[in-house]
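These notes concern the structure reproduced below.
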Amino acid sequence: MVDVIMSIDQASLIESKSFWQHAYGAYTPNPPLMEDLKVDVAIVGGGFTGLNTAWQFKKDNPNARVVVLEAAIVGFGASGRNAGFSTKMFGLEPEVVLLRWGKQKMIDAHHYLKLAVAHTRSLIEQNNFQSDYQHSGLVRASYSKQQLGRMKKTYEMFQKLGIDGDMRWRSAVEFQQDFHSERFAGGIYESDTGYLNPCKQVRALKSLAESANVSVYELTPVTSVETTSSAVLVTTPHGKVTAEKLVVATNAYSRQVPGPARLRSRQYPLWTYQIVTEPLSNGQWASIGWKDRQSFGDNRQMLHYFRPTADGRIIMGGGDAITYRTEPMEEVSAPAAWRHCEDHLKWIYPQLKNVRVDYRWGGPVSVTMDSAPEISFIDGERIIYSGGCFGHGVALTHLNGRTIADLLEGKKSELTEFWIVNRKSLSMSSDTLSFLAGRVARQALKSWDWWEERSLKK
Ligand SMILES: Cc1cc2nc3c(=O)[nH]c(=O)nc-3n(C[C@H](O)[C@H](O)[C@H](O)COP(=O)(O)OP(=O)(O)OC[C@H]3O[C@@H](n4cnc5c(N)ncnc54)[C@H](O)[C@@H]3O)c2cc1C
């Protein structure tokens, strides 16, 4: 039990921030840090990255003292709010990654992500996580002729690079048979991906880390980080931590972590929003097909992502992505984005026009200037930062935890050789410019979608 009186601010950190947390029910966080500690590794951030790193490192080094310091509760950030797709998607768009990073790095990224999906799945199976994992594949769908044309080129690119092993092209007729909607113009079925319940997953990771004697402190914001020649000094409201090494696993929140200036300029948060329907009846599911219950991503610039849940609902997210300038990051509700998600679901499936939306939420993804994630040493090798996962961080962060554990141990491995590790990254030095660039890009991408979809029936 938390043995300090909780303030209103703290209570709001525990409140459900997603359907997943809401459906999970009441949660009691671990007590905050209330003493000074000396540890081998301190980790800021209790999401997938932080908890995977903590567990992997502790497993290899049972005598090491490892702490996770989480400002709110585990899974407060993107890890407890996402759509749960465990996919091989990487960075921004495949074409942009290819253009910026070239063929070999694109192929290497694909192999890392393939490993990441397998790693996440085996972690779940070996540790008997009850996180509703389904390895049911991903469908990449197009609605218009123009989108289909682009997707064909993307598919040919995957084929040329030899990274299309689990992909099959499917026509509009096949889509119609499988998904009982006339909106789809065709696209790609990809079999080697899955999805999970992110809240169950992040809480199972917390238990796993704790079972290995990692100490997880919740309601413990890190308020300063200072490096000396022999340690990293971390301050929190009621205790200080002196650590041999520090991992900053704060992804989209990294601009607000006080400390090394380089942390501020690594990435920018972009908010994406989701809705979930009430559970569909058997009759409603029969009316829409979708018998293999795959996850979906479409081929728009402002993509939508949608998937079934274990209790028979549909989650629909995306269609817009918004940058804000509130600092520290505040929860901003987005009625227009939620309305858009609901309209889009009912546009695909008029059969569901009377289905109720039960929950609406949003969360921040971490975006970099050069369209790829990074894991980097910051000011020497005592601090490791991880971020920039875009909307594709579920599988990635699980494997990144293994990679960061290797870096902490000073090991060279196949993983630490992956090119996002200590890559040269472009910095976003000006907040105003990053914010404005986000707004301009959003408008341009929305216009692109309008153009490609102008002939579609509304
Ligand atoms: C709405 C949404 C949908 C998404 N859908 C998908 C998807 O389907 N598939 C996919 O692959 N990816 C998806 N993503 C992205 C994915 O969720 C993230 O890439 C991933 O969860 C990042 O994990 P993380 O541990 O690095 O960061 P987070 O989970 O964000 O964890 C960072 C933690 O740091 C804490 N923190 C911040 N500052 C401090 C501080 N000063 N002191 C202490 N703690 C601090 C925060 O409270 C937070 O808990 C989605 C993201 C969002 C927002």
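When a ligand or atom number is given, it counts from 1 through the structure's own listing order.
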Test side chain to side chain donor-acceptor pair (under 3.5 Å) applied to Glu226 - qualifying residues, sequence neighbours left out: none

Within-shell test, Trp361 vs ligand 1, heavy atom, strictly < 4.0 Å: no

Parallel, tilted or perpendicular: ring planes of Phe179 versus Tyr189, cut at 30 and 60 degrees: perpendicular

Note, Thr227 side chain near Ile383 side chain (heavy atom, < 4.5 Å): yes

Any N or O of Ala252 closer than 3.5 Å to N or O of ligand 1: no

Ligand 1 contacted by Trp271 (non-hydrogen, < 4.0 Å): no

Identity and separation of the nearest protein heavy atom to atom 26 (O) of ligand 1: Thr49 OG1, 2.6 Å

Test of proximity, Phe48 against ligand 1: N or O pairs below 3.5 Å: yes

Ser79-ligand 1 polar pair, N/O distance under 3.5 Å: yes

ring-ring contact (aromatic ring centres under 6.0 Å, His included) partner of Phe184, the single match among Phe296, Tyr349, Trp290: Phe296

For atom 48 (C) of ligand 1, the protein heavy atom that lies nearest, with its residue and separation: Glu70 OE1, 3.5 Å

Identity and separation of the nearest protein heavy atom to atom 44 (N) of ligand 1: Ala71 N, 3.0 Å

For atom 32 (C) of ligand 1, the protein heavy atom that lies nearest, with its residue and separation: Ala249 O, 3.4 Å

Pro221 near ligand 1 by a heavy-atom separation under 4.0 Å: yes

Atom indices of ligand 1, in the order listed, that fall short of 4.0 Å to a heavy atom of Gln274: 1 (C), 2 (C), 3 (C)

Residue and atom name of the nearest protein heavy atom (relative to atom 9 (N) of ligand 1), distance in Å to one decimal: Phe85 O, 2.9 Å

Nearest option to atom 39 (C) of ligand 1, as decided by whichever heavy atom of Thr250, Val394, Asn52, Thr87 sits closest: Thr250

Whether Gly84 lies under 4.0 Å from ligand 1, heavy atom: yes

Side-chain donor/acceptor of Glu70 to backbone N/O of Gly46, under 3.5 Å: yes

Heavy-atom side-chain proximity of Asn52 to Leu123 below 4.5 angstrom: yes

Criterion side-chain contact (heavy atoms from CB on, under 4.5 Å) on Met157 and Leu98, from CA distance to verdict: CA-CA 9 Å; Met157 178 185 89; Leu98 182 68; 3.5 Å; yes

CA sep, side-chain torsions, deciding dist, call: Asn299, Arg140, side-chain contact (heavy atoms from CB on, under 4.5 Å): CA-CA 7 Å; Asn299 194 29; Arg140 301 182 189 224; over 6 Å; no

Atoms of ligand 1 close to Leu69 [distance to a heavy atom under 4.0 angstrom, numbered from 1]: 43 (C), 44 (N)

Geometric cation-pi criterion, Arg313 with Tyr359: 6.0 Å, 45°: no

Interfacing atoms of ligand 1 (cut-off 4.0 Å, heavy-atom, Tyr305): 1 (C), 3 (C)

Close N or O approach (Gly362, ligand 1; < 3.5 Å): no

Those atoms of ligand 1 less than 4.0 Å from some heavy atom in Gly45: 33 (C), 34 (O), 35 (C), 44 (N)

Donor-acceptor side-chain pairing of His119 and His398 below 3.5 angstrom: no

Contact (N/O only, under 3.5 Å) between Val222 and ligand 1: yes

Closest candidate by heavy atom, reference atom 51 (C) of ligand 1, pool Val365, Val234, Val225: Val365

Nitrogen or oxygen atoms of Gly391 and ligand 1 under 3.5 Å apart: yes

Winner among Ser295, Gly80, Ala83 once heavy atoms are compared against atom 5 (N) of ligand 1: Ala83

Protein contact to atom 18 (C) of ligand 1 [nearest heavy atom, distance to 0.1 Å]: Ala78 CB, 3.7 Å

Residue, atom name and distance, where the atom is the protein heavy atom closest to atom 4 (C) of ligand 1: Asn82 CB, 3.1 Å

Nearest non-hydrogen protein atom, atom 31 (O) of ligand 1: Gly47 CA, 3.8 Å

Step-by-step ring pair (Phe, Tyr, Trp, His ring centres under 6.0 Å) determination, Trp101 to Trp419: CA-CA 10 Å; Trp101 296 102; Trp419 60 267; 4.7 Å; yes

Pro373, Gly393, Gly50: member with heavy atom nearest to atom 16 (C) of ligand 1: Gly393

